[in-house]
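Some notes on the structure that comes next.
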There are 2 protein chains.
Amino acid sequence: MVEYPVPDLADVTMEAVLKALGDPTRLAIVRMLADGRPRPKADVWQQFSTTKATCAHHFKTLRGAGLVTYDVHGRTHDIRVRRAELDERFPGLVAAVVGS
Amino acid sequence: MVEYPVPDLADVTMEAVLKALGDPTRLAIVRMLADGRPRPKADVWQQFSTTKATCAHHFKTLRGAGLVTYDVHGRTHDIRVRRAELDERFPGLVAAVVGS
DNA sequence: CCAATTGTTTGACATTCATCTAACGGTGTC
DNA sequence: GACACCGTTAGATGAATGTCAAACAATTGG
């Protein structure tokens, strides 16, 4: 069973979050998942014109910046924005970025 | 008389803004000026351990992303966050980023 | 006009980063 | 156990970027 640890948001800086969001693909991913509901990774990466590998790289970057987490189900993974935690750590940020 | 044109915020994307803010120095600059009040450029760059040239580069980047504008007074320039315009174009963003 | 001051630009350099292909690693299924 | 499937990792590559030193430009003042 593979593990995909996420950082404690207390250790995540605004700078790291903004850096992660400063890429068009990653911003689009976060916007797509902004409601906090999990979605199959395959569904996400198929929306873009990049390869699976590139998308996996972006997923990892977003996870490292505390923005998303994975739910593993057998072979497939769901990805999900840590909306509630983010709203507590960085109030208003996700909403502003998504343009809610 | 040198001109320093700023983009119309209607033409500025969230992506461009986040990219500009994704650098630690630029984020610090915006936070320092977030209230929208002008400050001498010299006062700003002296707060950092970078050279004048590097700071001028960051100023230009922030200006190009629509985040700041300059007020020229003879030899010296004031720099200022376009707070009101930004708040209208990207509601809540500056406040969230600054951690108001 | 000349010199000092303030800020920008240029060119170089090292680093970071997004991207791809190819190979690898778990997981479920037959 | 063998194979197909889903996703990650490794390595390579080219582009973008932050940084600095040095040269340049505009302005003020003597």
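Lettering of chains follows the sequences in order, A, B, ..., and the numbering in each one begins at 1. The analysis underlying the following values was restricted to heavy atoms, covering all of them including side chains, and did not include hydrogens, waters or symmetry mates.
- Between D/dA22, C/dA18, D/dG18, one nucleotide has an atom nearer to the side chain of A/His58 than all others, and that is C/dA18.
- For B/Thr50, no side-chain nitrogen or oxygen approaches OP1 or OP2 of D/dT19 to under 4.0 Å.
- Counting heavy atoms from C-beta on, the side chains of A/Lys19 and A/Arg26 never come closer than 4.5 Å.
- In this structure, B/Leu21 atom CG and D/dG18 atom C1' are separated by 16 Å, rounded to whole Å.
- The side chain of B/Arg26 contributes an N or O atom lying less than 4.0 Å from OP1 or OP2 of D/dG18.
- The 5' end of DNA chain C is approached more closely, in terms of each residue's nearest nucleotide, by B/Tyr70 than by the other of A/Arg75 and B/Tyr70.
- Rounded to a whole Å, the CG atom of A/Asp23 is 17 Å from the P atom of C/dT16.
- B/Leu62 places its CG atom 12 Å from the P atom of C/dT8, with the value rounded to the nearest Å.
- The separation between A/Met1 atom CE and C/dG25 atom P is 19 Å, rounded to whole Å.
- An OP1 or OP2 oxygen of D/dG7 is reached within less than 4.0 angstrom by no side-chain nitrogen or oxygen of A/Lys60.
- Ion pairing of B/Asp35 with B/Arg83 is absent here, as no side-chain N (NZ or NE/NH1/NH2) approaches a carboxylate O to less than 4.0 Å.
- Counting only heavy atoms from C-beta outward, the side chains of B/Ile79 and B/Leu33 approach each other to under 4.5 Å.
- For the pair B/Thr76 and A/Thr61, both in contact range of DNA chain C, the more 5′-proximal nearest nucleotide belongs to B/Thr76.
- What separates CG of A/Asp71 from P of D/dC6 is a distance of 18 Å, to the nearest Å.
- Distances shorter than 4.0 Å separate none of the side-chain N or O atoms of B/His77 from OP1 or OP2 on C/dG7.
- We find that NZ of A/Lys19 is positioned 7 Å from C1' of C/dT16, with the value rounded to whole Å.
- The shortest distance between the side-chain N/O atoms of B/His73 and the OP1/OP2 oxygens of D/dT27 is not below 4.0 Å.
- Atom CZ in A/Phe59 sits about 15 Å away from atom C1' in D/dT9, given to the nearest Å.
- Between B/His57 and C/dT10 there is no side-chain polar atom (N or O) within less than 4.0 angstrom of OP1 or OP2.
- Under a cutoff of 6.0 Å and an axis angle of 45°, B/Lys52 and B/Phe59 do not form a cation-pi pair.
- Distance, B/Glu3 CD to D/dA25 P: 19 Å, rounded to whole Å.
- For A/Lys52, no side-chain nitrogen or oxygen approaches OP1 or OP2 of C/dC20 to under 4.0 Å.
- Using a 4.0 Å cut-off between charged nitrogen and carboxylate oxygen, A/Asp78 and A/Lys41 do not count as a salt-bridge pair.
- Between A/His58 and A/Phe48, a ring centre-to-centre spacing not shorter than 6.0 Å is recorded.
- Phosphate proximity of D/dT8 to A/Lys41: present, with a side-chain N or O under 4.0 Å from OP1 or OP2.
- Residue-to-nucleotide proximity on DNA chain D shows that, of B/Gly74 and A/Pro40, the 5′-proximal contact is made by A/Pro40.
- The side chain of B/Thr54 places no N or O atom within less than 4.0 Å of a non-bridging phosphate oxygen (OP1 or OP2) of D/dG18.
- B/Tyr4 comes within 4.0 angstrom of sugar-phosphate atoms only, judged by non-hydrogen atoms across all strands, and of no base.
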